[in-house]
Amino acid sequence: MVEQMVQQTTKAPIGAYVCLLKGCSRRKALAEGKQVHALIVQSVLDSNILLANTLVHMYSKCGSVLDAHKVFSNMPQHNVYSWTAIISAYADSGQAEEAIKLFQQMQETGLAPDKVVFVVVLKACARLAALEQGKQLHSDIIRRGFQSDVIVGSTLVDMYSKCGCTEDARELFNNMSERDVVSWTAMIAGYAQNGLSKEAFALYEQMKQEGVQPNNVTLSTLVDMYAKCGCTEDARELFNNMSERDVVSWSAMIAGYAQNGLGKDSLALYEQMKQEGVQPDNVTFVLLLQACASLAALEQGKQLHSDIIKRGFQSDVIVGSTLVDMYSKCGCTEDARELFNNMSERNVVSWTAMIAGYAQNGLGKEALALFDQMQREGTKPNEVTYICVLSACAQSRLVDEGRHVFDSMYKNHGVTPTMEHYACMVDLLGRAGCLADAELFIDKMPIQPGSVVWMSLLGAARNHGNVEIGRRAFDRVMKLEPKNAAPYVLLSNIYAAAGRKDELAKIRNEMKDAGVKKMPGCSWIEVDNQVHAFVVGEATHPQSKEILAELDRLVGLMKEAGYIPDLSFVLDDVEDKEKENALCRHSVKLAVAFGLIKTPPGTPIRIKKNLWVCGDCHNATKIISKIVGREIIVMDANRSHHFKDGFCFCGDYW
DNA sequence: ATAGGGTTAG
């Protein structure tokens with residue numbers, strides 16, 4: 001077909017080829033572009049500088065920097081457009097350092113840069129947050145008199161913002177001789193990216209006052225900003241009022257829900273998006289997978305996975321890593337691993353996601369093995385990798401292995417332990433019952449221990465019923481984070497388990513006086529592609545009556561099997577009978593009962609919980625798994641619990 | 001040629 005088209009236009013072969021290549025660029029049709037390239041070579045037109053430049057451009061747009069570079073280096077001569085095309089190829093593919101290097105090479109050849117090449121190199125600097133180079137470019141731009149160009153100006157604003165220099169960006173913005181909607185939006189986005197939402201809103205108001213119409217890019221920026229502030233309702237209102245919504249606008253709103261714990265709303269919005277005929281892209285899928293992961297919504301996650309394959313996004317490394325994460329967070333480490341093995345490209349995040357998957361599911365040995373493999377295959381672990389490896393060791397009681405990893409992280413990969421790593425070590429030692437070692441470890445820390453470290457110790461004290469250490473750790477957390485409810489709950493658990501009623505009452509009052517509220521426990525379960533949420537103590541689900549009846553029936557059977565409700569997990573000072581009732585309304589139990597009613601016998605039940613699963617729910621679920629002959633998987637805020645035949649794979653170590 | 005949405009942990 002390509003040949004036919006060319007033959008029909010033999011009168012202007014070069015122009016025709018340019019047209020064809022531009023079409024390929026637009027459609028990102030690499031294979032077709034290569035065909036056209038072959039024809040150009042056949043017609044001995046490949047030394048034509050215009051065609052060669054267009055080829056470089058085409059390969060760049062189709063994502064093949066390698067081919068772009070080949071064409072570029074085979075060209076008999078380069079003009080400024082050739083350089084622009086190859087620099088932009090590297091900048092767009094994320095190889096910003098290479099782009100900057102090429103720009104320097106270009107200047108060495110004596111060619112004078114034009115506006116466009118400055119824009120392209122500035123983009124590379126923004127990507128790298130290479131402020132010094134950016135400033136150098138800025139002065140070159142002034143020297144050549146390009147500073148009054150509105151595109152160059154907007155790009156400079158963007159570069160300074162992405163380097164974290166919002167004040168420089170703003171000064172430049174104020175001095176721009178001409179400002180269009182893009183300039184305003186770049187400055188608003190600059191504030192948003194640097195967490196200055198007040199300034200961003202103020203500038204947005206000013207923009208409207210000066211009569212500049214915000215477009216859908218401006219509004220999507222604001223939707224994202226509202227969402228990042230946690231104001232999803234404001235974001236939604238703005239989103240609803242947008243006249244034009246493209247895939248980015250929808251994704252920004254989907255992200256807002258997914259990243260604020262409202263995964264259900266993300267998935268609902270996706271349905272609406274499809275109805276309105278907007279096509280999701282790779283980024284949309286990443287966000288939706290995050291929503292599924294946060295809900296452990298495996299069925300919908302699998303559906304998305306097949307949509308991803310259908311639309312050809314499965315080779316995107318970020319999509320792949322997010323899929324690994326989604327399967328892991330649904331408790332399916334084997335599926336995650338198979339996917340991981342088949343990924344066409346893996347980066348440090350992909351490896352880390354898989355290691356984290358093993359860690360979350362209590363498979364410490366597998367995590368360590370993968371960590372070894374990763375290094376053998378030449379991927380350098382980063383600090384997050386180490387957090388995951390250490391937490392895998394902590395979850396699986398691999399104390400010596402964890403110590404060894406910690407001791408060698410700087411030596412092996414130059415990763416300096418941060419607060420999080422120290423907290424992991426305290427967790428590792430504390431969980432294993434070495435509370436004294438953990439305290440000693442904190443004493444020897446070269447940095448001031450932060451609240452995460454003390455929280456780890458407090459958690460360990462809770463697990464091992466150590467009142468004194470628990471109290472000490474609690475006091476340290478309070479000094480750093482007086483408004484956090486978690487330490488109050490942990491210390492209350494310690495007092496309750498130790499039967500220290502007076503101290504329990506006292507801490508409950510202190511908590512009340514401090515105006516600190518415990519986050520209510522909430523569990524989710526997906527049934528028939530629909531996620532159902534259960535909040536502790538609430539009977540708001542339409543089928544609450546049946547759920548409570550089922551729980552009643554189960555508790556009877558459980559007691560026959562030896563279940564004794566652990567009333568120490570009810571912190572309110574009420575009668576024992578009432579405590580037992582309260583235990584029965586814990587969200588995990590409600591979700592389990594619902595799952596039992598709504599799914600066929602024998603099928604596994606998968607539940608997601610926002611906090612840690614409580615000891616009584618853990619014990620109860622073990623017994624239920626045996627009585628009803630079902631596998632029950634509870635993904636809590638920390639790790640998974642896989643119940644089967646009366647046991648949990650965590651071995652009660654969590 | 002310029003502005004907006006994305007991956008691992010906690």
Side-chain angles (χ1 to χ4, degrees), chain A residues 81 84-85 87-88 91-92 114-123 126 146 149-159 161-162 179-190 192-193 214-225 227-228 245-256 258-259 280-290 293 313 316-326 328-329 346-357 359-360 381-392 418-421 423-424 427 450-452 455-456 637-638:
Chain A
Y81 303 113
T84 307
I87 292 170
S88 134
D92 288 346
D114 65 0
K115 288 192 268 198
V116 181
V117 77
F118 274 121
V119 167
V120 169
V121 184
L122 278 173
K123 214 161 98 181
F146 295 140
D149 181 273
V150 66
I151 296 180
V152 172
S154 305
T155 314
L156 276 166
V157 167
D158 187 50
M159 183 278 294
S161 301
K162 294 225 165 79
R179 273 174 251 163
D180 61 9
V181 60
V182 178
S183 331
W184 285 92
T185 307
M187 193 61 237
I188 291 171
Q193 285 151 7
N215 64 14
N216 68 329
V217 177
T218 323
L219 295 174
S220 300
T221 308
L222 293 174
V223 166
D224 181 55
M225 201 166 50
K228 291 231 160 66
R245 289 181 296 212
D246 63 9
V247 61
V248 178
S249 326
W250 284 92
S251 301
M253 195 60 237
I254 289 173
Q259 289 157 6
D281 65 9
N282 48 348
V283 178
T284 322
F285 281 119
V286 166
L287 297 163
L288 292 166
L289 288 172
Q290 283 179 342
F313 293 125
D316 180 311
V317 65
I318 299 184
V319 170
S321 306
T322 314
L323 274 166
V324 167
D325 184 51
M326 185 277 292
S328 300
K329 291 216 167 88
R346 284 180 218 126
N347 62 19
V348 59
V349 178
S350 331
W351 286 93
T352 306
M354 191 63 237
I355 292 171
Q360 286 151 3
N382 63 19
E383 36 174 89
V384 179
T385 318
Y386 275 104
I387 291 170
C388 297
V389 174
L390 291 173
S391 91
T418 65
M419 192 68 73
E420 297 292 343
H421 299 98
C424 286
D427 191 32
S451 63
V452 273
M455 279 298 287
S456 292
N638 190 42

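Worth saying up front: this structure is predicted, and the values here are computed from it rather than measured. We use all heavy atoms of the structure for the numbers below, so side chains are in, but hydrogens, waters and symmetry mates are not. Below, chain A is the first sequence line, B the second, and so on; all start at residue 1.
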| How would you list, by chain and number, every residue that makes a side chain to side chain donor-acceptor pair (under 3.5 Å) with A:Arg245, sequence neighbours excluded? | A:Glu276
| What residues form a side chain to side chain contact (heavy atoms under 4.5 Å, CB included) with A:Lys115, not counting sequence neighbours? | A:Phe146, A:Asp149, A:Val152
| task | Could you list the residues that satisfy side chain to side chain contact (heavy atoms under 4.5 Å, CB included) with A:Ser456, not counting sequence neighbours? | result | A:Ala423, A:Val426, A:Asp427
| remark: side chain to side chain contact (heavy atoms under 4.5 Å, CB included) filter on A:Val248, not counting sequence neighbours, yields A:Asp246
| said: Once side chain to side chain donor-acceptor pair (under 3.5 Å) is applied, do any residues pair with A:Thr352, and if so which ones, sequence neighbours excluded? | reply: A:Thr385
| Reading 5' to 3' through nucleotides 3-10 of chain B, protein heavy-atom contacts under 4.0 Å coded B for base, S for sugar-phosphate only, - for none | BBBBBBBS
